[in-house]
J.: 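Below: one structure in structure tokens.
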Amino acid sequence: MGTGRLYATVAAGGFRRYATYRAATAAGVFTNTVFGLILVYTYTALWDERPHLGGYDLAQAVTYVWIGQSLFKTLASGGGGVEGELMERIRTGDIAVDLFRPADLQLWWLAADLGRAAFELLGRGVLPFVFGALVFDLALPTDVSTWAAFLVAVLLGMLVSFGIRYLVALTAFWLMDGTGVTQMAMLTGWFCSGMVLPLNVFPGALGEVVRALPWSSLLQAPADLLLGHADPLPTYAFQAGWAVALLAAGRLVQSVAARRVVVQGG
Amino acid sequence: MKGAFAVDSAFIELDRVEKVFDVHRKTGFMRRELRRVRAVDSISFTVARGEMVGYIGPNGAGKSTTIKMLTGILTPSGGRLRVAGIDPSRERTRLAHRIGVVFGQRTTLWWDLPLLDSYRLMHRMYRIPDARYRENLDRLVELLELGDLLDVPVRQLSLGQRMRGDIVAALLHDPEVLYLDEPTIGLDVVSKGKVREFLRELNAEHGTTVLLTTHDLQDIEQLCSRVMVIDHGRLMYDGPLTGLHEVGDSERILVVDLERELPPIEAPAPARVVKVDGPRQWLAFPAAASAAPLVARIAAEYPLVDLSVREPDIEAVIAKMLHSLGDTTDPPSERATA
């Protein structure tokens, strides 16, 4: 119980830290709205040519766009969560401060990232979605249970996303410059999470592979629940499986890193 | 009871502690060489409960490696290490509740949030009882004059304020040992004074054991009755600061401004003029000696306008000491290759 309160405090801190930067949040809301508009017109052209592409009708495709823009920062599909700070702390050796604390490193950063994600959902997610819903004709469910199922999938997506980004961040223990890894993770994240196109549009073997990768837990899984394209239980099982595997891998890498690596800075 | 006494007199205990790093170095195309670097090479010392000890040495001497082993972040490659009877690397979390650490160049505070948020976090992290937390926070904040700054985001604090903020964060859980790594680095004179005064009081009133690494000789002079000097991972000196001056033959510099340009002052040995620039002259004299007789003599015999005394910097003292020790002791058989 005592530790629960600690990580709750860390999460609250993560929330408030991101809430501090109001101008950045406003700029982000604007950006996501503009990107949403661009994608909506692109998808409209595409679905005009190929109606029911990937099993979505046009309204569902447009809804998918606004779900994606609203969850983009929350799920940090292309990075941009706490992992940047963690990498910087590893690089400068500030990680030493984190290591001597009587707290678990992975849980600490997970809590901080969940706090951040919660803020991004409220601060950056809601407005673009409301804008999309007011301006376009969206295919939204009317029953509360579907919305609740969607939010559970979003939460599981946060865990998977953190699991991926934590592993990316830990590479900084070995690679002193994390720019390359970060960029690779960003491009992979955008493409494989379905930020560019829904994953069910991808043809053949490529589609099969991409839909089995952990990134499909981020956007595709919650979106399909909201659009009524998937059932909750198999979706959750898929997401939870990846979350457990990635977090366990992170734990393993973390213990290896802490053992063999000299903490930077004398 | 006897056991408790043993822990008190050797509250921090190092017995032939070593830390060896394997460093891979590229020596050519596809060729790598493995080198063993002895960052800490068989160091033994004990620190009694309530002592305040300076731990100094040149950059890369092994100071921070020692501190990291004392906190349990790094595991020693050999030897025995105990803090409050606890093996740090085995029981890092249990030990963490009993020690406080301040890294001068790093911060434990949340950069974007008000100071108070970081303190609330410490409250939870160390599971400090509410009443104790309130009491400690009030006391520390008053002593370190942070009362008006609790609601200010850490990124807006000056370096001195941030450092004091970090010291409060390290002490909220009443640690028995405080490790300070360069606590006054980059601070102005006023801030340095505040930090030192606080540490002196903390040690005197709460009996907190303090281990201090620094490059500022005045930190040591004003705070520590005992100094340990480390170089190339080896303990070169352990004793009072005055002894350090004696071993190192270090010198202070008396700068005098005369009324006009004069030939070098004929000072009584061992004091001597080391530099003349117009009416200004520099005299070196042993650091352990008083400046008063020398000043009196010059004032009596020369048209003295102004004077100041420059303390030797710590690097100079250590360099001299290491040099003079090198003349009298056998060179370590297995020196670090770095």
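First the proteins, then the strands, lettered A, B, ... as listed; each starts at 1. In this text, all values refer to a predicted model and were calculated from it rather than measured experimentally.
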J.: Which pair of heavy atoms, one from A:Leu6 and one from B:Arg124, lies closest together, and at what distance?
T.: CA-CB, 3.7 Å
J.: Kindly state each residue pair satisfying side chain to side chain donor-acceptor pair (under 3.5 Å) with at least one member in residues 67-76 of chain A, sequence neighbours excluded.
T.: A:Asn32-A:Gln69
J.: I need the minimum non-hydrogen distance between A:Thr9 and B:Trp110, along with the two atoms involved.
T.: O-CH2, 3.7 Å
J.: Just wondering, are more than 12 heavy atoms of other shown residues or ligands nearer than 6.0 Å to CZ in B:Phe45?
T.: yes
J.: Give a yes or no on this: more than 12 heavy atoms of other residues, nucleotides or ligands lie within 6.0 Å of atom CZ of B:Arg132.
T.: no
J.: Heavy-atom pairs under 4.5 Å with chain A - which of B:Leu121, B:Ile67, B:Thr75 has more of them than the others?
T.: B:Leu121
J.: Run through B:His173, B:Arg127, B:Met125 and flag the one making a side-chain contact (heavy atoms from CB on, under 4.5 Å) with A:Pro102.
T.: B:Met125
J.: Determine whether a donor-acceptor pair (N or O, by modelled atom type, separation under 3.5 Å) exists between the side chain of B:Arg106 and the backbone of A:Thr92.
T.: yes
J.: If only atom types and distance count, is the side chain of A:Arg101 paired as donor or acceptor with the main-chain N or O of B:Thr108 below 3.5 Å?
T.: yes
J.: Less than 4.5 Å to any heavy atom of chain A: does that hold for the side chain of B:Thr107, its backbone, both, or neither?
T.: backbone
J.: Among B:Arg92, B:His123, B:Arg120, B:His97, single out the residue with the greatest number of heavy-atom pairs under 4.5 Å to chain A.
T.: B:Arg92
J.: Checking A:Tyr21 against chain B: side chain, backbone, both or neither under 4.5 Å from a heavy atom?
T.: side chain
J.: Check whether any side-chain heavy atom of B:Phe103 sits under 4.5 Å from a side-chain heavy atom of A:Phe100, and report yes or no.
T.: yes
